[in-house]
Number of protein chains: 2
Amino acid sequence: MNDSPDVNTKSALLAAAIQVFADKGFDSATVRDICGRAKANVAAVNYHYGSKDGLYAAVLAEIFPTGEERHAQITPDLSPEERLREFIRGLASDIFERGSDTIAQRWAIFLREMAKPSGNLDYIVQHHVQPRADELRCILSEILGPNAPDTTLAYCSANIWALMLDHLLIQPILDRLTPDRPAADNGLDLFVDHVFRFSLGGLKAMKG
Amino acid sequence: MNDSPDVNTKSALLAAAIQVFADKGFDSATVRDICGRAKANVAAVNYHYGSKDGLYAAVLAEIFPTGEERHAQITPDLSPEERLREFIRGLASDIFERGSDTIAQRWAIFLREMAKPSGNLDYIVQHHVQPRADELRCILSEILGPNAPDTTLAYCSANIWALMLDHLLIQPILDRLTPDRPAADNGLDLFVDHVFRFSLGGLKAMKG
DNA sequence: ATATGCTTGAAACATTCGTTTCAAGCATAT
DNA sequence: ATATGCTTGAAACGAATGTTTCAAGCATAT
């Protein structure tokens, strides 16, 4: 098994696929475009990944790795409010981090998958959303107290997700409504502070 | 000019296009599928609407009519809090109303357009989002008081939109996370109450 | 009744898609 | 050196796409 040429085209194919799928979406992405960027032959996709669907599955496996159980990051000795803040900060920096393109592309693909679910959404939810949702639910449960009904807990959990995700979703709308708004990725701390305060206010309103 | 057959196929084409575009998205929708549902010939699309893009533009013009200036519905003599509640209720019933399929399909197309903006997103935002956003901003300005910075106002406005829209966006995710959650369209009042309380709590937290 | 203009229908158009084929290339093992 | 197995490249495949063509149909106006 030769390493450099073989693995190179295969991984180049994967990297190009991440770009194109994030940019165009699955339907609009073409294998010829992907192979072109990877400087590979058109047949390479089917050879290395079986099909376009197989390549997409490989992309999802790459950007949503199975072992992504990072929800032990938050130190448990903090107050639930501070843990909520850490949760929000972690999610926000993950979404708006400009360091790696892969992260932005991950959320772009995630967004596309939400707007037009394919059979792979289950996989993404299971490995990418579920752990964080459980963690958030745990935090909210402590903040809201043991007497909070499940309905409230579910709604509030969805709400806080919404505050983060929508900022990703409605970005193109905000660009059209208020082009001069403060960029979320520049003043990330500002954004985190706001979401934290707003969320906490909302939660307390549900409590009392 | 004959009315019944001519206009019938043209409007049948439009109705079928709304269905297919909402269901499959623009790229995945095919003119043959649309014409099939409209019981029309394949050439009918290009004859009546010039092209597939022209048909899509006609669909947008149909479900996002220009004269949609409905933001005078809310009675101005209410308190800003009550107007916020009315705003949330109006938006919620608009999103989750089960009466007309067209409304649900409108939001489906809107969602697709947000996830993968085409050149028509400007049009939608201008005629569908802008008036409501202005109205919400006006309400929030009263609630937050005159001293609230524009940043806070913009953030809070986006937040409340988020609470509503995300419930539309993450529906397929919620189906996978908590399949037994209360359906928002059944207990719509419940949902409205929650969002209103949560929002008001968040707003007050931004004030103090 | 005849002619005109708009609409439809069947067929084919050219293009693009994902996929397949197969020979050539190349590294490694014998 | 020879053979084997994996990988690449060019070409073509069949299917599906949006679009066009053109003759036939049909209503209305003269």
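Order of the sequence lines fixes the chain letters, A, B, ..., with proteins taken first and strands second; residue numbering starts at 1 for each chain.
- Using a 4.0 Å cut-off between charged side-chain N and carboxylate O, A/Asp193 and A/Arg197 make no salt bridge.
- Across the protein-nucleic acid pair, A/Lys52 atom NZ and C/dT16 atom P stand 15 Å apart, rounded to whole Å.
- By the 30° and 60° cut-offs, the orientation of the rings of A/Phe21 relative to A/Phe26 is parallel.
- With D/dT19, D/dT17, C/dT8 as the choices, the nucleotide that has an atom nearest any side-chain atom of B/Thr30 turns out to be D/dT17.
- When distances run from any side-chain atom of A/Tyr47 to the nucleotides D/dT19, C/dG18, D/dC6, the shortest one goes to D/dC6.
- Across C/dG18, D/dT8, C/dT7, the shortest atom-to-atom separation from the side chain of A/His48 is found for D/dT8.
- Distance NZ (A/Lys24) to P (C/dT16): 14 Å, rounded to an integer number of Å.
- Every stem involving DNA chain D, taken as at least 3 paired positions in a row under the Watson-Crick or G-U wobble test at 3.5 Å, is listed here: C:1-30 with D:1-30.
- Not counting sequence neighbours, B/Tyr49 has no partner by the ring pair (Phe, Tyr, Trp, His ring centres under 6.0 Å) test.
- By the side chain to side chain contact (heavy atoms under 4.5 Å, CB included) test, A/Thr152 is found to be paired with A/Leu144, A/Pro149, A/Cys156, A/Met206, residues two or more places apart in sequence or in another chain being considered.
- Pairs engaging residues 107-118 of chain B under the salt bridge (charged side-chain N to carboxylate O under 4.0 Å, His left out) rule: B/Asp27-B/Lys116 [sequence neighbours left out].
- The CG atom of A/Asn46 sits 17 Å away from the P atom of D/dA10 (whole-angstrom rounding).
- Using modelled atom types, one finds no donor on one side chain facing an acceptor on the other under 3.5 Å when comparing B/Asp53 with B/Ser51.
- Look at B/Thr9 and you won't find any side-chain N or O under 4.0 angstrom from OP1 or OP2 of C/dT7.
- Distance A/Asp27 CG to D/dA16 P: 15 Å, rounded to the nearest Å.
- Listed nucleotides: C/dT8, D/dT20, C/dC17. Nearest to the side chain of B/Ala43: D/dT20.
- Within a heavy-atom distance below 4.0 Å of DNA chain D, the residues of residues 32-41 of chain A found are A/Arg32, A/Asn41.
- Salt-bridge formation is not detected for the pair B/Asp150/B/Arg137: no Lys NZ or Arg NE/NH1/NH2 atom is positioned less than 4.0 Å from an Asp or Glu carboxylate oxygen.
- Note: CG (B/Asn8) to C1' (D/dC26) measures 15 Å, nearest angstrom.
- With sequence neighbours excluded, the residues satisfying side chain to side chain contact (heavy atoms under 4.5 Å, CB included) with B/Ala115 are A/Leu111, A/Ala115.
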**Request:** For the pair A/Glu142 and A/Arg83, evaluate side-chain contact (heavy atoms from CB on, under 4.5 Å) and give the outcome as yes or no after the intermediate values.
**Result:** CA-CA 10 Å; A/Glu142 288 191 45; A/Arg83 283 163 61 201; 2.8 Å; yes
